[in-house]
There are 2 protein chains.
Amino acid sequence: MYKIDFNNFFSYSFSIDCVIFGFKDGQVNVLMIKRSMEPFLNHWAIPGDLVYPDEDLQVAATRILTELTNLSNLDLHQAQTFGNPSRHPQGRVITTAYFALIRITDFEIEASSFAEEVKWVPIHEVPELAFDHNLILNSTYELLKQKLSYEPICFDLLPEKFTLNQMQQLFEYVNEAEMDKANFRKKIRPIPLIALGEKQKNVKHRPAKLFSFDSEKYSEIAEEDGYRFKI
Amino acid sequence: MYKIDFNNFFSYSFSIDCVIFGFKDGQVNVLMIKRSMEPFLNHWAIPGDLVYPDEDLQVAATRILTELTNLSNLDLHQAQTFGNPSRHPQGRVITTAYFALIRITDFEIEASSFAEEVKWVPIHEVPELAFDHNLILNSTYELLKQKLSYEPICFDLLPEKFTLNQMQQLFEYVNEAEMDKANFRKKIRPIPLIALGEKQKNVKHRPAKLFSFDSEKYSEIAEEDGYRFKI
DNA sequence: TTTAGATATTGTATTTTTGACAATAAATAG
DNA sequence: CTATTTATTGTCAAAAATACAATATCTAAA
């Protein structure tokens with residue numbers, strides 16, 4: 001359909017960068033790859049790829065994510081677009097950031113065609129990255145923090161079955177503020193959670209009850225009562 | 001620096017669409033142009049243009065805005081990026097939407113190279129537009145509504161000197177809900193406004209006091225007290 | 001079996017914010 | 001001077017947020 005040679009491609013092209021967030025050990029982590037090719041060989045970076053000439057952006061983002069994680073049915077959120085003419089040393093590459101939230105325990109990452117090495121890094125310990133990826137990452141993390149407070153996406157980061165304290169810890173982490181346990185529970189009372197009747201195991205103290213998010217009920221009350229998630 | 005011919009350009013190119021919002025007669029209006037060229041000749045559209053191969057996105061958005069309005073120093077906010085492969089009939093054109101807020105009374109719009117005709121249209125009366133511009137417009141208006149509630153950008157839409165009722169009407173319009181005057185005033189009490197000591201003129205009832213936004217004080221309390229605009 | 005230690009969970013009282021509505025003030029038009 | 005209109009401020013009850021106390025339930029060790 002389109003004739004594209006290397007020169008053409010690298011004089012004006014378009015890419016997607018996928019910021020993949022997880023929540024582990026009480027910290028928000030981001031998936032980093034070690035580049036196995038030039039430019040920025042051996043530098044850490046956010047996984048990204050060029051968009052095919054007739055490929056939709058959302059489709060491209062999904063493809064990149066699937067190639068990396070083998071997970072599907074994940075919510076992908078578009079973030080900012082970056083187009084500084086000198087952001088890519090080999091030509092004009094405009095890139096759109098997408099972010100995805102995954103349950104770290106749900107999958108095993110492995111190095112692929114993408115990269116020599118893959119690892120999770122706590123968001124506050126990210127090293128200097130290739131291209132303008134630090135800029136992209138910071139801007140996308142800001143967006144994540146915003147969306148966490150008014151969309152029910154925290155449940156994409158938490159385990160399928162989670163304790164209320166785990167949920168609280170996530171918000172304490174991103175807001176960088178401690179919260180009162182009792183008051184947190186009052187705040188989330190309107191959010192439809194399913195009490196599973198199960199409990200935490202292998203803890204050396206009173207185990208907490210496990211909950212899961214009732215997304216069907218959420219859609220229902222969002223539509224009927226105009227309820228909006230808010231923390 | 002870059003060799004670009006028509007075929008190349010239209011096999012893979014990048015554009016900016018500028019959604020320009022104003023507030024007039026108690027309604028949010030958006031600036032529309034009537035296209036003077038194919039495709040979509042004579043259709044209404046959002047003003048937009050291709051980005052030059054070595055031009056920054058923000059710079060391109062500013063250029064397009066200035067060409068159209070002759071205004072400068074306006075805040076430009078990046079919105080969503082649209083990249084459906086079939087959104088442009090002549091080839092792959094990915095576009096990023098930016099929006100700007102202007103005081104309608106501050107400038108006189110005029111048809112330019114861009115368009116045959118230019119006009120303000122209330123956001124709820126927008127006709128069918130060229131390309132996917134209805135989609136872009138709706139998505140950008142949603143973003144505007146969000147940002148209005150947690151960033152002090154309503155003052156870019158209101159006149160330099162405004163009454164508290166004008167401010168209230170803007171929020172009533174975007175939230176599609178009436179508010180109590182007394183309670184609205186309580187809500188905005190933390191926002192630093194300068195009471196100008198002047199009053200409305202040419203009204204056939206008690207004139208309201210005029211205010212302006214104290215952006216310096218806002219920056220100050222935002223930094224020192226961590227205050228955040230919220231309505 | 002009992003008890004200490006740790007965290008989960010619930011309750012209560014106070015303060016702050018919100019919301020509904022009443023009362024007063026300041027202009028114009030006749 | 002008075003009726004009319006909108007601006008502005010005040011009040012009170014309900015609701016939400018906050019601080020903090022009390023109780024519950026598990027593990028592990030004595």
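What you see is a predicted model; the values in this text were computed from it and never measured.
- The interatomic distance linking A/K201 (NZ) with D/dT27 (P) rounds to 11 Å, in whole Å.
- Separating the CD1 atom of B/I188 from the P atom of D/dT8 is a distance of 10 Å, rounded to the nearest angstrom.
- No donor-acceptor contact under 3.5 angstrom links the side chains of B/T66 and B/S72, judged on distance only.
- Rounded to a whole Å, the CD atom of A/E178 is 12 Å from the P atom of D/dA19.
- For A/K161 and A/E198, the salt-bridge test passes: some basic side-chain N is under 4.0 Å from an acidic carboxylate O.
- Between the base of C/dA27 and the side chain of B/R206 there is no donor-acceptor pair shorter than 3.5 Å.
- A salt bridge links B/K145 to B/E142: one of the charged nitrogens lies within less than 4.0 Å of a carboxylate oxygen.
- The interatomic distance linking B/Q200 (CD) with C/dA26 (P) rounds to 16 Å, in whole Å.
- Atom CE in B/M179 sits about 11 Å away from atom C1' in C/dG19, given to the nearest Å.
- For A/Y173 and A/H124, the side-chain atoms include at least one donor-acceptor pair closer than 3.5 Å.
- Comparing B/T163 and A/K187 by the nucleotide of DNA chain D that holds the closest heavy atom to each, the one mapping nearer the 5' end is B/T163.
- Rounded to a whole Å, the CG atom of B/N165 is 12 Å from the C1' atom of D/dT5.
- Side chains of B/E172 and B/Q168: a donor-acceptor N/O pair is present below 3.5 angstrom, by distance only.
- Side-chain nitrogen and oxygen atoms of A/K199 include at least one within less than 4.0 Å of the OP1 or OP2 phosphate oxygen of D/dC26.
- Spacing between atom NE2 of A/H205 and atom P of D/dA29 amounts to 15 Å, rounded to whole angstrom units.
- We find that CG of B/N202 is positioned 13 Å from C1' of C/dA27, with the value rounded to whole Å.
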Please list, pair by pair, any protein nitrogen or oxygen found under 3.5 Å from a nitrogen or oxygen in nucleotides 9-15 of chain D.
from	atom 1	to	atom 2	distance (Å)
D/dT11	O4	B/K186	NZ	3.1

For this session: Go through the steps to decide whether A/F229 and A/Y150 satisfy the test ring-ring contact (aromatic ring centres under 6.0 Å, His included), and finish with yes or no.
Result: CA-CA 5 Å; A/F229 181 94; A/Y150 60 85; 9.1 Å; no
